[in-house]
Structure formats: C-alpha cells, structure tokens
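All ligand and atom numbering here is 1-based and tracks the order in the structure.
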Amino acid sequence: METKIFSKDEIDDAVNLLAKGELVAFPTETVYGLGAIATKEKSVKAVYAAKGRPSDNPLIVTVSDINMVKKYAKEIPERAKKLVKHFWPGPLTILLFVKPGALPDAVTGGLDTVAFRCPDDQLTHDLIAKLGYPIVGPSANTSTKPSPTTAQHVYHDLKGKIAGIIDGGATRVGLESTIIDLSVKTPIVLRPGEITPEELSDVLGEKVLINTGKVSDKEVPKAPGMKYRHYAPSAPVVVVDDKNDFSRIKFSNDVGVMATKEILAKIPLPDENKFNLGENLIEADHNLFGGLRYFDDKKDIKQIFVEGFDEGEASLAYMNRLNKAAGGHHFNK
Ligand code: TXA
Ligand code: MG
C-alpha cells in the first residue's frame, strides 16, 4: 500500500479515505494519532494490526467537540463538564462510562469505559467535523516505540501499512495527553501529561489522585497501556537524575547522551553521539521522543544516558515516559 502524505490543504482527501474505512495519521498538539472511523469495527481492528498493538489495550476516541461525546458516553457527569469547559480543546483525555453498544468492543477493549479526547488542533478538528464521526486516536507509532512527534516519525514506523498521513509539522507538547478517570469515586490521573493533577484539582474543586503506575503482572491495570514496555530504543537507556553525575560517566564512542544544551557542551563525545534536549524542561518534553528515535536508528550506540528532571508535578510526564524507556534504570541507584 502506498502511504500518501497530505498537506493541510488536502484534508478533504484524507476525509474521503477515512470515510471509506482507511487509516490516516493526523497531527495533534501532543503527538501524532492514527485515525480510523471509531464506529467501524473492521477499521478499528486494522489500527491494532498496523501498530502491532495488543488487543486488550483500548483506544482513545478523538472528537471535535462535547456534542460528539454525548452520542457515545452513557452520561456526562458535572465533573466532566467542568473539565471540558476549562481544558478542551486541549491535551486532556477523559474516561467516562460508554453508552452500551455505541462503539465496537475493539475500541474499548471490552471495558465499560471509553477515553475521550478533543485535541487543540484546527486541522484535526476540521477533519473530524467534516467526517461527522469520531476517530480512534492511539499514538501513530509501532507498538513499544516512542510516540511520533513529526509526520516523518509516523512514516518511518507505518509506511506501507496505512493509507495516509496529514503533515501538520512538529507537535507542540511532544508528550501524550493527561488521562483522567472520571468513572470512579475519586478522580484519578492514569497518565501524567502537560495538564497537571494540581490544575485538574483546582478546576474540579476536589482531590485528584495520581496513579503511580506500579502494577504487578497479575493485576489488571486501570489504563491497560501502562503495563507494556514502551518508548524504548534498541539500546538500554539510563536516567541521570543528578546533573553532576554526567562528569562521572565513562564515555566511549558507543555511548549516546541526551541532555540540555549546557550539560551537553561539557560532554567529551562527537556531536553525533549527543542529542540536544533544549534549554529547559518544556523543551525537553518537546524533544524527548525525537531523541529516543534518533538513537534507535544508530545501531552502533550501545547505551544512552538521559538527563532527568525533578521539578515537581511539572516534570511528572517527562519522568513517567523516561522511566518507561529506561525500564526504571537510574545512574548510581
Ligand atoms: O495525546 C494523546 O493522548 C495521543 C494523541 C494521538 O491523541 N494518543 C495516545 O493514545 O496517546 P495511546 O493509545 O497511545 O494511549 C492511550 C492510553 C493507553 O495507555 C490506553 O491503555 C489508555 O489510554 N486507555 C484508552 N482507553 C481506555 C479505557 N477505556 N480505560 C483505561 N485506559 C484506557
Ligand atoms: Mg501510545
């Protein structure tokens, strides 16, 4: 199958492909998603196949507005209305009870809840509005690889497997949306993202819990995706929590480093062994997945050291993704 790259002016072509049941990747403010009509079981199943994703890991349903949610959610609780009013369109995914029979089991993985997301991206908004149906929107990467933050990342993973990619340039945030579960007594953040638990708690006016992600193999985790190895390049990743530790690492030509500009300047390695994460945490969020992909494609690199951040709730999302990429492996710990 030829994978077409569409520009912003060609979204009608992308809508036509989706309407026919084909798979088209689309930009959002977080990462690129892999779209297919959420109500067509065959198309939804093709998304799992293209990504190589385990079938018990449910998909996000991407909508153009709250009215679309009403057709597929059992009900919209007050809490959800508050969050939608404040954060949508934006990088917040909300878990609600699904209206029985409204969506194929393949979307929800057979669970009684469904995750709704309304991205802050005009192009994607227009795409869904024109289609008239929500689209599923898992990250458009091969399962276990870092999520794609450019159309080129998507092409790298899925060329020949999907009908098209809409190129909207590099995504703004670079890490996936915050997921909050509102199907439970106390709201809980299942996956940290740009919107922090504190911001959610402020808008809701009540306590918000944070899922630590520690689940044993026997347990069924609330967000099934949490149990899988993720984001990992082929070489092992080590988190460097203390910036002073960069001077203690034994550098050789098969080592890669991902760090902010100032730290990188002092590292005695050739430029191609270094990946610049930028100047601060926000830039590092934006660049993390690109860096992991950069080293994944360099087969001569045998170990990758990546700068950690300790900035409270602001660094929760970055450290969550980095810890997964590293399999929990930290320097000096
Ligand atoms: O920013 C994002 O959310 C991106 C963009 C493309 O929208 N999408 C994304 O989708 O990250 P995905 O499939 O890569 O991650 C969604 C996570 C998975 O860990 C999945 O297990 C969880 O959401 N999830 C989806 N539906 C769920 C449900 N009904 N109950 C619990 N977890 C759910
Ligand atoms: Mg994903």
Side-chain angles (χ1 to χ4, degrees), residues 24-36 38 44 47-48 50-63 72-74 87-98 102-121 123-125 127-128 134-149 151 153-154 157-158 165-166 168 171-184 188-195 211 213 215 220-232 285 289 317 320-321 324-325:
V24 177
F26 60 95
T28 80
E29 79 281 44
T30 58
V31 301
Y32 275 72
L34 181 54
V44 172
V47 167
Y48 284 89
K51 280 180 60 73
R53 181 175 176 117
S55 61
D56 65 344
N57 190 3
L59 305 179
I60 284 177
V61 170
T62 321
V63 297
Y72 305 97
K74 198 169 174 191
F87 295 107
W88 277 15
L92 179 68
T93 297
I94 301 177
L95 220 75
L96 300 174
F97 286 111
V98 65
L103 290 164
D105 271 356
V107 173
T108 58
L111 300 172
D112 57 0
T113 53
V114 55
F116 292 102
R117 158 133 161 82
C118 180
D120 184 15
D121 187 289
L123 206 124
T124 297
H125 173 274
L127 180 83
I128 298 168
I135 56 179
V136 291
S139 49
N141 51 291
T142 297
S143 203
T144 80
K145 290 298 171 194
S147 296
T149 56
H153 293 162
V154 181
D157 282 15
L158 300 178
I165 303 168
I166 305 171
T171 60
R172 180 181 65 81
V173 181
L175 302 176
E176 307 89 335
S177 61
T178 305
I179 303 181
I180 187 164
D181 187 354
L182 294 183
S183 73
V184 286
I188 179 166
V189 170
L190 299 182
R191 179 177 72 184
E194 186 183 53
I195 296 171
N211 184 317
V215 280
V220 177
K222 196 64 214 268
M226 307 282 284
K227 74 179 179 214
Y228 298 107
R229 180 172 172 266
H230 232 126
Y231 312 121
D285 284 351
F289 288 153
N320 169 271
R321 307 314 189 272
K324 284 196 176 194

Nitrogen or oxygen of Arg53 less than 3.5 angstrom from that of ligand 1: yes
Do Thr28 and ligand 1 have an N or O pair less than 3.5 Å apart? no
Please state whether [X] comes within less than 4.0 angstrom of ligand 1, counting heavy atoms only.
| X | value |
| --- | --- |
| Gly137 | yes |
| Thr108 | no |
| Tyr32 | yes |

Counting from 1, what ligand 1 atoms have a heavy atom of [X] closer than 4.0 Å?
| X | answer |
| --- | --- |
| Ile60 | 3 (O), 8 (N), 9 (C), 10 (O), 16 (C) |
| Pro138 | 10 (O), 12 (P), 13 (O) |
| Arg191 | 2 (C), 3 (O), 9 (C), 11 (O), 15 (O), 16 (C), 17 (C) |
| Ser177 | 1 (O), 2 (C), 3 (O) |
| Glu176 | 1 (O), 2 (C), 11 (O) |
| Leu111 | 28 (C), 29 (N), 30 (N) |
| Ala115 | 25 (C), 26 (N) |
| Ile179 | 17 (C), 23 (O) |

Structural part of [X] in contact with ligand 1, heavy atom criterion under 4.0 angstrom:
| X | value |
| --- | --- |
| Thr62 | neither |
| Asn57 | side chain |
| Leu95 | side chain |

So, [X] side chain and [Y] main chain: donor-acceptor pair closer than 3.5 Å or not?
| X | Y | result |
| --- | --- | --- |
| Asp181 | Ile188 | no |
| Lys51 | Ala140 | no |
| Tyr32 | Gly168 | yes |
| Thr178 | Ile195 | yes |
| Thr124 | Pro27 | yes |
| Tyr48 | Ala106 | yes |

If hydrogens are left out, which of Ser139, Ser147, Gly193, Ala25 has an atom nearest to atom 14 (O) of ligand 1, that is, the closest non-hydrogen atom? Ser139
Please work out which of Pro27, Gly33, Pro58 has its closest non-hydrogen atom nearest to atom 27 (C) of ligand 1. Pro58
Under a 3.5 Å cutoff, is there a donor and acceptor pairing between the side chains of Arg117 and Thr28? yes
Side chains of Thr93 and Arg191: is there a donor and an acceptor less than 3.5 Å apart? no
Provide the closest heavy-atom pair for [X] versus [Y] in the form atom of the first, atom of the second, distance.
| X | Y | answer |
| --- | --- | --- |
| Pro58 | Gly109 | CB-N, 3.9 Å |
| Ser139 | Pro148 | CB-CD, 4.2 Å |
| Val47 | Pro138 | CG1-CG, 3.6 Å |
| Ala25 | Val154 | CB-CG1, 3.7 Å |

Within the stated cut-off of 2.8 Å, is an N/O/S atom of Ser143 closer than that to the Mg ion (ligand 2)? no
